[in-house]
Amino acid sequence: ADLYGKIAYDLTDRDKRTLNGLYAWDKNRIDEDDDENDLRSTYQNAIIWTKWRHFFSERIWSDLFVFNGIATRDRQKGSGLDERELGFIGAKGEVTAQILKTHTIRGGVEWRWSTAEYDYDIRERRAGIDQYGRITAKVDDSGNEVKAYLQDEWQIHPMLAVNVGGRYLIQDYRRSGVQKYEVSPRIALAVKPIENLVLRGAWGLYHQPIELLTIPVEDEIDSVGRAEEATHYVIGAEYALRGNFLIRAEGYYKTLENLA
């Protein structure tokens, strides 16, 4: 069962407000000849959030979000169990500014406090091994994380554009002895040497962190460590033909580190 609601209204000509709510509930029951494979599960998710957009001018505006949510799981498979109680509250602010007709600057900051309880004890096949065994994990933790980003889309010349920016992440609930933060710089370049041809190149450092709400306990992980890191290199070209026909070619190369 799913329930969703939204209220939107204008406070003033420059202030627009929305209030959203979502609730989801699922229950499953599977009976097998083998009791060890019987399944009973109940899932619940609820989130409420509000958005306030303020226009300082036609070219500068801000968005403010405040949100709160919970999620629960009660899953029993045979003699095993998978119980989770998750919750979070937070806020996010973003600003967009179009300056001098050549710059579009975007920036934002998000704070979130999360709490998580996991009780996992399931008999499963272990990853990479054709054998079954009990996988157990218990987690009871809470903490804060802060994300921030800033980027500038700069149209230097009709034939040249650049997008440069970066992201910052800090999680205070990572296990002891592990770096708590990551910095992710990125840059992209587009060159138009002739009317129908665009050449593109990009480089970026990307991080994919584990959060308290997404700890992979089924892989016997019961704490949060460093974020996975990927370095991307991209080159490409686009050529526009007549009749809205576009030819595109791209090449990618990336390296990976801190894989869980």
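Being a predicted model, the structure only gives us computed values, none of them experimental.
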Exercise for review: Any chance you could measure Q76, atom CD, to L81, atom CG, to the nearest 0.5 Å?
Suggested key: 6.5 Å

Revision key, fill the gap. Output for pair (W154 CH2, N163 CG), nearest 0.5 Å, gives 12.5 Å

Exercise for review: Please tell me if the side chains of K16 and K51 come closer than 4.5 Å, counting only heavy atoms from C-beta onward.
Suggested key: no

Review point. Within a radius of less than 6.0 Å around CD1 of I235, do more than 12 heavy atoms belonging to other residues, nucleotides or ligands occur?
Key: no

Check your understanding: In a check of side-chain contact (heavy atoms from CB on, under 4.5 Å) between V139 and each of D222, D119, I221, which one passes?
Key -> D222

Check your understanding: Do the side chains of I156 and I105 join up, straight or via other hydrophobic residues, at under 4.5 Å, putting them in one cluster?
Key -> no

Review point. With distance as the sole test, does R14 use its side chain to make a donor-acceptor pair with the main-chain N or O of F56 at under 3.5 Å?
Key: yes

Review point. Would you find more than 12 non-hydrogen atoms of other residues, nucleotides or ligands less than 6.0 Å from E250 atom CD?
Key: yes

Review point. Is there a chain of hydrophobic side chains (I, L, V, M, F, W, Y, each step under 4.5 Å between heavy atoms) that links L64 to L11?
Key: yes

Practice item. Compute whether any side-chain donor of one residue and acceptor of the other, for N28 and Y43, lie under 3.5 angstrom apart. Key: no

Review point. Are the charged groups of K147 and E211 less than 4.0 angstrom apart, N to O?
Key: yes

Check your understanding: With S184, which of E229, H207, R167 fulfils side chain to side chain donor-acceptor pair (under 3.5 Å)?
Key -> H207

Review point. What are the two closest heavy atoms between A227 and P209, and how far apart are they?
Key: CB-CA, 3.5 Å

Point to revise | Rounded distance (nearest 0.5 Å) linking atom CD of E182 with atom CG of L205 | key: 9.0 Å

Study note, to complete from the structure: Heavy-atom closest pair (I60 atom, A97 atom, distance to 0.1 Å) is CG1-CB, 4.0 Å

Check your understanding: OG of S142 to CG of L86: how many Å apart, nearest 0.5 Å?
Key -> 12.5 Å

Point to revise | Beyond-backbone contact of L241 with N196, side-chain heavy atoms, under 4.5 angstrom | key: no

Check your understanding: Should we say atom OH of Y173 is surrounded by more than 12 heavy atoms from elsewhere, each under 6.0 Å from it?
Key -> yes

Review point. In terms of hydrophobic clusters joined by side-chain contacts under 4.5 Å, are I194 and F245 together?
Key: yes

Practice item. Using only heavy-atom distances, determine whether the side chains of E94 and Y149 contain a donor-acceptor pair under 3.5 Å. Key: yes

Practice item. Might you work through the side-chain contact (heavy atoms from CB on, under 4.5 Å) test for R59 and K101, ending with a clear yes or no? Key: CA-CA 9 Å; R59 294 182 172 273; K101 297 183 180 182; 3.8 Å; yes

Review point. Can you name the nearest heavy-atom pair linking W111 to N144, along with the distance?
Key: NE1-OD1, 2.9 Å

**Study point:** Any donor-acceptor N or O pair under 3.5 Å, side chains T42, D74
**Key:** no

Check your understanding: Should the ring pair F55 and W61 be called parallel, tilted or perpendicular, given that the plane angle runs from 0 to 90° and is split at 30 and 60?
Key -> tilted

Study note, to complete from the structure: d(S41 OG, D26 CG) to nearest 0.5 Å is 8.0 Å

Check your understanding: How far apart are the C-alpha atoms of V109 and V146, what are their side-chain angles, what is the distance that settles it, and do they pass the side-chain contact (heavy atoms from CB on, under 4.5 Å) test?
Key -> CA-CA 7 Å; V109 177; V146 175; 4.3 Å; yes

Review point. Would you say Y118's side chain and I215's backbone share a donor-acceptor pair under 3.5 angstrom?
Key: yes

Check your understanding: Can Y120 and E220 be said to form a side chain to side chain donor-acceptor pair (under 3.5 Å), step by step?
Key -> CA-CA 9 Å; Y120 190 89; E220 298 183 279; over 6 Å; no

Point to revise | Main-chain N/O of M159 paired to H157 side chain as donor or acceptor, under 3.5 Å | key: yes

Check your understanding: Between T50 and R17, is any side-chain donor less than 3.5 angstrom from a side-chain acceptor?
Key -> yes

Review point. For the hydrophobic clusters of this structure (ILVMFWY residues joined by side-chain heavy atoms under 4.5 Å, transitively), does one cluster hold both I187 and Y253?
Key: yes

Check your understanding: Does atom CG of D10 have more than 12 heavy-atom neighbours from other groups under 6.0 Å away?
Key -> yes

**Study point:** F67 side chain near R112 side chain, heavy-atom distance below 4.5 Å
**Key:** yes

Practice item. Measure across N258 and E228 and return the closest heavy-atom pair with its distance rounded to 0.1 Å. Key: O-CG, 3.4 Å

Review point. Heavy atoms, side chains only, cut-off 4.5 Å: are Q171 and K180 in contact?
Key: no

Practice item. Kindly indicate whether the side chain of K6, heavy atoms from C-beta on, has any atom under 4.5 Å from the side chain of T18. Key: yes

Practice item. Consider only side-chain heavy atoms of I, L, V, M, F, W and Y, link residues closer than 4.5 Å, and tell whether W113 and I47 are in one cluster. Key: no

Review point. Is it true that atom OH of Y4 has more than 12 heavy atoms of other residues, nucleotides or ligands lying nearer than 6.0 Å?
Key: yes

Check your understanding: Does N68 use its side chain to pair, donor to acceptor, with the backbone of F88 at less than 3.5 Å?
Key -> yes

Review point. Looking at CG of L256 and OH of Y206, how far apart are the two atoms once the value is rounded to the nearest 0.5 Å?
Key: 13.5 Å

Check your understanding: Is a side-chain donor or acceptor of R174 paired with a backbone partner of Q179 at a separation under 3.5 angstrom?
Key -> yes

Point to revise | Shortest non-hydrogen separation from V162 to L189 and the atoms involved | key: CB-CD1, 4.1 Å

Review point. Can you name the closest pair of heavy atoms from W52 and D15 and give their distance?
Key: NE1-OD1, 2.9 Å

Review point. Do the non-hydrogen side-chain atoms of I135 and E218 ever get within less than 4.5 Å of each other?
Key: no

